[in-house]
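Below is one structure, written out as structure tokens; the observations come after it.
Note that the coordinates shown come from a computational prediction; the quantities given were computed from them, not determined experimentally.
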Amino acid sequence: MAQQAYMTETDGGGPGPERPVSPFRRLVDRLGRGWRGDRRVWRRGLVLAACAALLALVMLGHSHIPNRIGNLGSLTETFLPWLGLFIPLLLVLALVRRSATALIATILPAAVWLNLFGGLLSDKNVPGGDLTVVTHNVNADNPDPARTARDVAAAGADVLALEELKASKVPAYESALAPTYKHHAVVGTVGLWSKYPLTDVKAVDIRLGWKRAMRATVSSPAGQVAVYVAHLPSVRVKMEAGFTARQRDKSADALGEAIAGEPLRNVVLLGDLNGTMNDRALNAVTSQMRSTQGAVGSGFGFSWPASFPMARIDQILVRGAEPESSWTLPATASDHLPVAARVTLTTPSD
């Protein structure tokens, strides 16, 4: 009888046993109680709100940051995607401060970051393509060049570019790659290996005084393509001088001039440009070519340093040719990751 009375009471809308509350719900309720009725939620966190607005302004107007002092603009652009890490930090601080103003202000940098880089978060790779190309800075001090060569060749590239080739180690690369690639050419510290014939091989003057860039015509079954291989000068971040990149910038201008004068319709640039696509100093090159990673890659495709990639300075750029897919390859004994792409060659009628 007692049990029946209990059931009648609970079935009729009585309190009954309490339902368990999730930890997330308890957290939301606790935050809500702390914010409700607090008139200072709009006055607190003004400094945080200003920081959020400044972060949005830096990302939105990065091209206007001057390079006159320590190439600050180029330095910012090199690591521009990483500024997004400040957004969750600002969000957490806004919640801790219980500031509605700061919380709403955080939306600004989040929207700017998504506008700049949101498209890179989706996988845009599509099947198909005429030519698979790979580029890899193998590191002059590579302890195992033969294994590095075999690892990169395993990617199945039709055309393979290597940079930072040390003269004493070139024979090791040549021997390891000979079974896969019948055609190759080495100019200075860069080289090109191909499954298809190479013609018109020549050095490209990038105003260094020694050879770190080359050009060759690859005669593939889908047509001819001009392939450039380049290793632009390194940049340094120094406390007394900032981001030093003057020689890199001059070489980028010279490389851009050479590519601008290229008569072939399909052009592919492979190499270590020591700069990202956001860096204005590479405009002479990037303004006339497309990044395969930016067009059809999945993610940011960071390639350096191999132990913890923070920037994509190893690039595959195309003009005329249509990118189909782009990706990074597993680490080798180098301090850079190899990067790969598949492209479709176009004809005048396309």
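In terms of heavy-atom proximity, Ala102 sits nearest to Ala94 at CB-CB, 3.7 Å. The two residues Ala105 and Ala52 come nearest to each other via the heavy atoms O-CB, 3.6 Å. For the residue pair Ala157 and Val134, the shortest heavy atom distance occurs at CB-CG2, 3.5 Å. Here the closest non-hydrogen pair linking Val285 and Gly256 is CG2-N, 3.8 Å. Of all non-hydrogen atoms in Thr276 and Thr78, the two that sit nearest each other are CG2-O, 3.5 Å. Contact detail for Ser298 and Asp123: the closest heavy-atom pair is CB-OD1, 3.6 Å.
Contact annotation: the side chain of Asn278 never approaches that of Thr76 to less than 4.5 Å [non-hydrogen atoms, C-beta and beyond]. Counting only heavy atoms from C-beta outward, the side chains of Leu192 and Met214 approach each other to under 4.5 Å.
For the residue pair Arg147 / Thr332, no side-chain donor-acceptor distance below 3.5 Å is found, with atom types taken as modelled. If you check the side chains of Asp279 and Ser74, you find a donor sitting under 3.5 Å from an acceptor. For the residue pair Ser326 / Gln293, a side-chain donor-acceptor distance below 3.5 Å is found, with atom types taken as modelled. There is a side-chain donor-acceptor pair under 3.5 Å between Asn266 and Thr346. Counting only N and O atoms by type, the side chains of Glu164 and Thr189 include no donor and acceptor under 3.5 Å apart. Using modelled atom types and a 3.5 Å distance limit, the side chains of Ser334 and Asn142 yield no donor-acceptor pair.
Comment: Arg212 does not engage Glu163 in a salt bridge, judged by the lack of any side-chain N to carboxylate O separation of less than 4.0 angstrom. Using a 4.0 Å cut-off between a side-chain N of Lys or Arg and a carboxylate O of Asp or Glu, Lys169 and Asp144 do not qualify as a salt bridge. Electrostatic pairing of Asp158 and Arg342 counts as a salt bridge here, judged by a charged N lying under 4.0 Å from a carboxylate O.
Using a 30° and 60° split on the angle between ring planes, His336 and Trp304 fall in the tilted class, from 30° to 60°.
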Any chance you could lay out the salt bridge (charged side-chain N to carboxylate O under 4.0 Å, His left out) test for Arg290 and Glu322, step after step, and finish with the verdict? CA-CA 9 Å; Arg290 298 173 67 191; Glu322 187 67 25; 3.3 Å; yes
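Atom NZ of Lys124 is surrounded by more than 12 heavy atoms from other residues, nucleotides or ligands within 6.0 Å. Counting heavy atoms of neighbouring residues, nucleotides and ligands inside a 6.0 Å radius, atom NZ of Lys250 does not exceed 12 of them.
Interatomic distance, Leu317 CG to Met277 CE, rounded to the nearest 0.5 Å: 5.0 Å.
Residue pairs meeting the ring pair (Phe, Tyr, Trp, His ring centres under 6.0 Å) criterion with at least one member in residues 81-118, sequence neighbours excluded: Trp82-Phe302, Trp113-Phe117, Phe117-Phe300.
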